[in-house]
Amino acid sequence: MLNFNFQNSTHIHFGSEQIQVIKTEIPSNAKVLVVYGGGSIKKNGVYEQVSEALNEHIWFEFSGIEPNPTYSTLMKAQEIIKNESIDYILAVGGGSVVDGAKFIAAAALYQGDDPWNILAKQEAVSKALPLSAVLTLPATGSESNGNSVVTRDGNKLPFSSPLVRPLFAVLDPSVTLSLSDRQISNGVVDAFVHIMEQYLTYDVNGKVQDRFSEGLLQTLIEEGPKALQAETKEDLDIRANIMWSATMALNGLIGSGVPQDWSTHMIGHELTGEFNIDHARTLSIVLPAVMKVRKEQKREKLLQYAARVWQINSGNEDERINQAIKLTEQFFIQMQVPTRLSDVDLSESDIDLLIDRLANHGMTSLGEHGDITLEISREILTTAL
Ligand code: NZQ
Ligand code: ZN
């Protein structure tokens, strides 16, 4: 196992009727900015629950954070923060809203020339307003990590800081009942790929991390499809297992002390930036191709994945690996997400553009060995056609 530091300080409040804890969790003298997206929280009762819980606080609101939050929208929140002396941010929504709130919190106390540098130049965040989250879409893990992804002019860039990790997060599975099938699918697949990118590398004898990852993958394989089926769609236990899996997938635990390979995400970000494809749907297209192209480098872990996650124990090594990749693709298809570039109407002629974008963003040595060059990214995209 590799050396690691691990601290996850986000206080999780999990279960039904937990939204009311924000009343006591947010300091009573705080001036709160509630930030949210396009209005789903006004249709499913979450906005009312938050308003009710904050009835003794001084609070303001900022809405309109879009999926794949944009820099220009997020910067608009700075005015109200200054004018009203806001000193606490509460994000209410999915990963985009939570990510957006993180950037708003960091930009509010930014002291350099241009807050865009936090993303473009990866300037370290030295101060940020405190923030917490009421999560409405299980997917990103943003509710208990320090990561955020912001888009400007089609450039989708990540930043990370422990200072923007939510202080607490409310996870009430019942609020996910209003999600569309598309958002349920996206969430399950995003979480699945987060686990894979921390698991499918090379063996460092990180048994705890591996077994946690395999358990989470199996949970998503078992429960994900049920959340799409009419008979089981409303089952709160299924929603709870998906929600907790998505948080555990990217709260730092399973990635501590093991190599990681975020190439699927980095290539996927270019597909979203250029063609506006939903985040998770880029991942379901890229991951199977990464598994195929990096078969030799990932051989040992692919065999472990085949045996422990899919119970494939017969056949020679190549047959077992190929079967595991096939079952992964079938799981994605069952979750109603695309697995090929052609499924989203892209073809070979689009690959040059994606490679240029990877080059412009410095994504020239991806993967657990840093050896996924632009040439190999091209091979991955070609395999995904
Ligand atoms: O904006 P509203 O009206 O709230 O609607 C949203 C949005 O249209 C809707 N929604 C959310 N909760 C709902 C709901 N609709 C009905 N009922 C509910 N309970 O769902 C739509 C999509 O929301 P979004 O927040 O964009 O989805 P998601 O949670 O998948 O977040 C995606 C973003 O997170 C980033 C992605 O790049 C993307 O920008 N990521 C963040 C990560 C992190 N912070 O660690 C890691 C991820 O890999 C990912 O990159
Ligand atoms: Zn993701």
Side-chain angles (χ1 to χ4, degrees), residues 67-68 149 151 154-156 182 185-186 188-197 199-201 217 221 224 261-299 301-302 305-306 310 312 317-385:
N68 307 307
V149 189
T151 299
N155 293 304
K156 208 173 170 203
R182 187 182 182 106
S185 301
N186 284 353
V188 168
V189 169
D190 191 23
F192 186 91
V193 177
H194 293 158
I195 302 161
M196 291 293 272
E197 297 202 85
Y199 170 78
L200 199 66
T201 57
L217 291 169
I221 291 165
D261 168 13
W262 290 94
S263 57
T264 297
H265 264 70
M266 294 309 126
I267 298 171
H269 283 173
E270 304 305 349
L271 280 160
T272 303
E274 184 63 35
F275 300 109
N276 205 22
I277 301 165
D278 294 358
H279 173 63
R281 292 164 169 252
T282 69
L283 308 176
S284 56
I285 292 169
V286 178
L287 179 71
V290 169
M291 294 167 88
K292 290 171 196 165
V293 171
R294 305 307 278 171
K295 200 186 280 184
E296 288 318 314
Q297 293 79 3
K298 296 181 184 292
R299 176 167 288 270
K301 270 308 196 51
L302 276 165
Y305 170 69
W310 295 105
I312 303 167
E317 284 191 6
D318 280 331
E319 284 164 353
R320 280 181 273 154
I321 289 173
N322 292 342
Q323 180 64 5
I325 298 173
K326 198 166 148 204
L327 288 173
T328 308
E329 288 178 316
Q330 277 174 12
F331 168 62
F332 289 159
I333 290 166
Q334 197 185 5
M335 289 309 299
Q336 302 167 10
V337 291
T339 55
R340 292 283 185 281
L341 287 170
S342 51
D343 294 340
V344 292
D345 298 326
L346 296 182
S347 62
E348 193 154 15
S349 59
D350 298 304
I351 292 179
D352 278 346
L353 194 56
L354 293 164
I355 296 297
D356 283 350
R357 292 181 63 103
L358 284 167
N360 290 340
H361 293 144
M363 300 295 166
T364 53
S365 54
L366 300 173
E368 65 271 30
H369 301 289
D371 59 354
I372 299 187
T373 57
L374 290 178
E375 210 168 303
I376 294 170
S377 288
R378 182 182 290 280
E379 194 184 336
I380 290 167
L381 286 164
T382 307
T383 304
L385 280 170

When you measure from the side chain of [X] to the backbone of [Y], do you find a donor-acceptor pair of N or O atoms at a distance under 3.5 Å?
X    : Y    : result
D350 : S347 : yes
T364 : T373 : no
D343 : T339 : yes

- Message: Tell me which pairs pass ring pair (Phe, Tyr, Trp, His ring centres under 6.0 Å) where either residue lies in residues 339-385, with sequence neighbours left out.
- Response: Y202-H369
- Message: Can you tell me which residue among I372, I380, D371, T264 is in a side chain to side chain contact (heavy atoms under 4.5 Å, CB included) with L366?
- Response: I372
Would you say that [X] contacts [Y] through its side chain, given a criterion of any heavy-atom pair below 4.5 Å between the two side chains?
X    : Y    : value
V344 : R281 : no
H269 : M363 : no
L385 : I351 : yes
S284 : P338 : yes
K326 : Q323 : yes
V290 : E197 : no
H265 : H194 : yes
T201 : Q297 : no

- Task: Identify, with sequence neighbours excluded, every residue that meets ring pair (Phe, Tyr, Trp, His ring centres under 6.0 Å) alongside F332.
- Result: F192
- For the pair K298 and D261, find out whether any cationic side-chain nitrogen is under 4.0 Å from an anionic carboxylate oxygen. yes
[X] and [Y]: which non-hydrogen atoms are nearest, and at how many Å?
X    : Y    : value
K156 : T151 : CG-OG1, 3.3 Å
Y305 : W310 : OH-NE1, 3.0 Å
V286 : L271 : CG2-CD1, 3.8 Å
L346 : F275 : CD1-CD1, 3.6 Å
S185 : V337 : CB-CG1, 4.0 Å
S377 : L358 : CB-CD1, 3.8 Å

- Message: For the CD atom on E348, are there more than 12 heavy atoms of other groups (residues, nucleotides or ligands in this structure) within a distance under 6.0 Å?
- Response: no
- Item | side-chain hydrogen bond (donor to acceptor under 3.5 Å, both in side chains) against E317, all qualifying residues, sequence neighbours excluded | R299
- How far apart are the C-alpha atoms of K292 and E329, what are their side-chain angles, what is the distance that settles it, and do they pass the salt bridge (charged side-chain N to carboxylate O under 4.0 Å, His left out) test? CA-CA 11 Å; K292 290 171 196 165; E329 288 178 316; 2.9 Å; yes
